[in-house]
There are 2 protein chains.
Amino acid sequence: MSKPTEEIVQTLKRKQLRVTPQRFAVYANLLSRTDHPTAEQILSDLNQDAPVSSQATIYNCLQTLREVGLIREVLLEEGNCRYDANVQPHHHFRCGSCGAIADIPWQALQTIDLSHLNPDWQVSGYEVTVHGTCEACQA
Amino acid sequence: MSKPTEEIVQTLKRKQLRVTPQRFAVYANLLSRTDHPTAEQILSDLNQDAPVSSQATIYNCLQTLREVGLIREVLLEEGNCRYDANVQPHHHFRCGSCGAIADIPWQALQTIDLSHLNPDWQVSGYEVTVHGTCEACQA
DNA sequence: CTTTATCTTAGAATAGTTCTTAGTTAGGAT
DNA sequence: ATCCTAACTAAGAACTATTCTAAGATAAAG
């Protein structure tokens, strides 16, 4: 999911966003990981060596990036909003023990037929959340 | 989903919970509705005619009922924890416009084969979230 | 009727997120 | 290259949802 610097810059510009060091760092960080971090985790990751961004700016950047559709939120546990730079349709696995979240490729699960649901609904998409225990937690 | 009073009392006792007016009211309220209310909505619903329960008690009751498995949380939007007295497996439809949530019976969607996922995961279940627009929001 | 562990409650405390306001800056215009 | 300004960052205050605390109340067993 990681991309070269120049590609990230172009992606941001295409969305008419100024390429600031903070915004670049937040997006690049999200692109480089698949663990669906919280705002807090991104903050501490970015600032672990040198100060890069304030907390308020992390929240601003995440909100802006979400508004333009470059990232999305993943809500699978109470009081914890996680972020994902993979905006293509895909499913999630969540470990009920440690809370870890992993992506499941769209093609890994068969397509679900939604044509027989309530006809008054205009259905635009769906996603599957698989619950279980991850390898590390099965000790 | 609504049940007679005596049945609700017995259900609570079976879980070794004291049947207090507040706890009864919270559980009965949840059983009587299918709109997946938030703690705040339950609070104002219960107290709309006469004071029945404090906010702290609503949260206490919801937590207790969840711990014994009589209700469960539904997390589909940021900062809003909703509750559901339907603890049988089922799916959800969420209107992206008004945020309304509706249940989808388990049998309404075909069963998904999870046997080819990461073999290191111990899978315990899954659920589908369908996104779209509800009837009222299609004006 | 007693007794007591459990429960309720108001208010304080906490956690996560958003708002405010002042200063800074990316990047187009000159 | 420098100027200009709308967009951006940041510190701290504010807000919102939830949990905690501690003191009094009560369900229900004996």
Side-chain angles (χ1 to χ4, degrees), chain A residues 5-6 8-29 36-47 50-68 70-83 99, chain B residues 5-6 8-29 36-47 50-68 70-83 99:
Chain A
T5 297
E6 187 50 34
I8 296 177
V9 170
Q10 290 309 318
T11 303
L12 291 171
K13 287 194 169 168
R14 228 174 289 127
K15 295 291 185 178
Q16 326 234 331
L17 296 178
R18 282 196 186 166
V19 183
T20 66
Q22 292 78 8
R23 186 172 286 160
F24 177 90
V26 168
Y27 187 42
N29 184 265
H36 309 74
T38 62
E40 182 56 35
Q41 290 172 321
I42 296 171
L43 176 66
S44 64
D45 196 12
L46 290 187
N47 293 341
V52 169
S53 176
S54 71
Q55 186 191 51
T57 297
I58 300 282
Y59 279 104
N60 280 342
C61 289
L62 290 171
Q63 195 169 311
T64 305
L65 291 168
R66 184 160 53 79
E67 278 164 10
V68 301
L70 289 180
I71 68 173
R72 67 175 193 180
E73 344 173 288
V74 177
L75 300 170
L76 294 178
E77 67 197 291
E78 147 109 81
N80 253 2
C81 183
R82 297 170 168 280
Y83 292 90
Chain B
T5 297
E6 187 48 36
I8 296 177
V9 170
Q10 289 311 318
T11 303
L12 290 172
K13 286 194 169 166
R14 227 174 291 125
K15 295 294 185 176
Q16 328 234 330
L17 296 178
R18 283 195 185 168
V19 183
T20 66
Q22 292 79 9
R23 188 172 285 162
F24 177 90
V26 169
Y27 187 42
N29 184 264
H36 309 74
T38 62
E40 181 56 35
Q41 291 172 320
I42 296 171
L43 177 66
S44 63
D45 196 13
L46 290 187
N47 293 342
V52 169
S53 175
S54 71
Q55 187 192 52
T57 298
I58 299 283
Y59 279 104
N60 280 343
C61 289
L62 289 171
Q63 194 169 313
T64 305
L65 290 169
R66 184 160 53 80
E67 280 166 8
V68 300
L70 288 180
I71 68 173
R72 68 174 193 180
E73 346 174 284
V74 178
L75 300 170
L76 293 178
E77 68 198 291
E78 146 108 84
N80 254 4
C81 184
R82 297 171 168 281
Y83 291 90

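Just so we're clear, the structure is a prediction, and the values are computed from it rather than from any experiment. Naming convention: chains lettered A, B, ... in sequence-line order (proteins, then strands); numbering from 1 in each chain.
A donor-acceptor pair under 3.5 Å is formed between the side chain of A:Q41 and the backbone N or O of A:T38. In this structure a side-chain-to-backbone donor-acceptor pair under 3.5 Å is present from B:R23 to B:R18.
In this structure, A:T20 reaches the D:dT9 phosphate: one of its side-chain N or O atoms is under 4.0 Å from OP1 or OP2. Side-chain N/O atoms of B:R18 include none lying less than 4.0 angstrom from OP1 or OP2 on C:dA5.
Among the atoms of the strands shown, only primed sugar atoms or phosphate atoms (P, OP1, OP2) are found under 4.0 Å from some heavy atom of B:V52. A:S53 comes within contact range of the sugar-phosphate backbone alone, with a heavy-atom separation under 4.0 Å but no base atom that close.
At least one side-chain heavy atom of A:I42 sits less than 4.5 Å from a side-chain heavy atom of A:L62. Contact check for A:L65 versus A:L12: side-chain heavy atoms found under the 4.5 Å cut-off. In this structure, the side chains of A:T11 and A:R14 come closer than 4.5 Å at one or more pairs of heavy atoms. Here the side chains of A:T57 and A:T20 are not in contact, with every heavy-atom distance at 4.5 Å or above.
If you take CG of B:N80 and P of C:dG16, they are 17 Å apart, rounded to a whole angstrom. For the pair B:Q10 CD and D:dA28 P, the interatomic distance rounds to 10 Å; values are reported in whole Å. Separating the NZ atom of B:K13 from the P atom of C:dT6 is a distance of 16 Å, rounded to the nearest angstrom. For the pair A:E78 CD and D:dA17 C1', the interatomic distance rounds to 8 Å; values are reported in whole Å. Straight-line distance from the CD atom of B:E77 to the P atom of C:dG16: 19 Å, rounded to whole Å. Taking atom CG of residue A:N47 and atom C1' of nucleotide D:dA11, one finds them 14 Å apart after rounding to whole Å. In this structure, CD of A:Q16 is placed 16 Å from P of D:dA6, rounded to the nearest angstrom. In this structure, A:L12 places its CG atom 11 Å from P of D:dC8, rounding to the nearest Å.
Minimum interatomic distance between B:V52 and B:A25 (heavy atoms only, all atoms of both residues): CG1-CB, 4.1 Å. Pairing each heavy atom of A:N80 with each of A:L75, the nearest pair is O-CD2, 4.4 Å.
Listed by residue number, the members of residues 55-66 of chain B with any heavy atom below 4.0 angstrom from DNA chain D are B:Q55, B:A56, B:Y59, B:Q63.
Note that CG of A:D45 is 4.5 Å distant from CG of A:N29, once rounded to the nearest 0.5 Å.
When each of C:dC7, C:dG27, D:dT18 is scored by its nearest atom to the side-chain atoms of B:A39, the top-ranked nucleotide is D:dT18. Here the nucleotide nearest the side chain of A:R23, chosen from D:dC8, D:dA28, C:dA26, is D:dC8.
Comparing the start and finish of the helix from C:dC1-D:dG30 to C:dT30-D:dA1, five pairs each, the helix axis swings through 30°, to the nearest 10 degrees.
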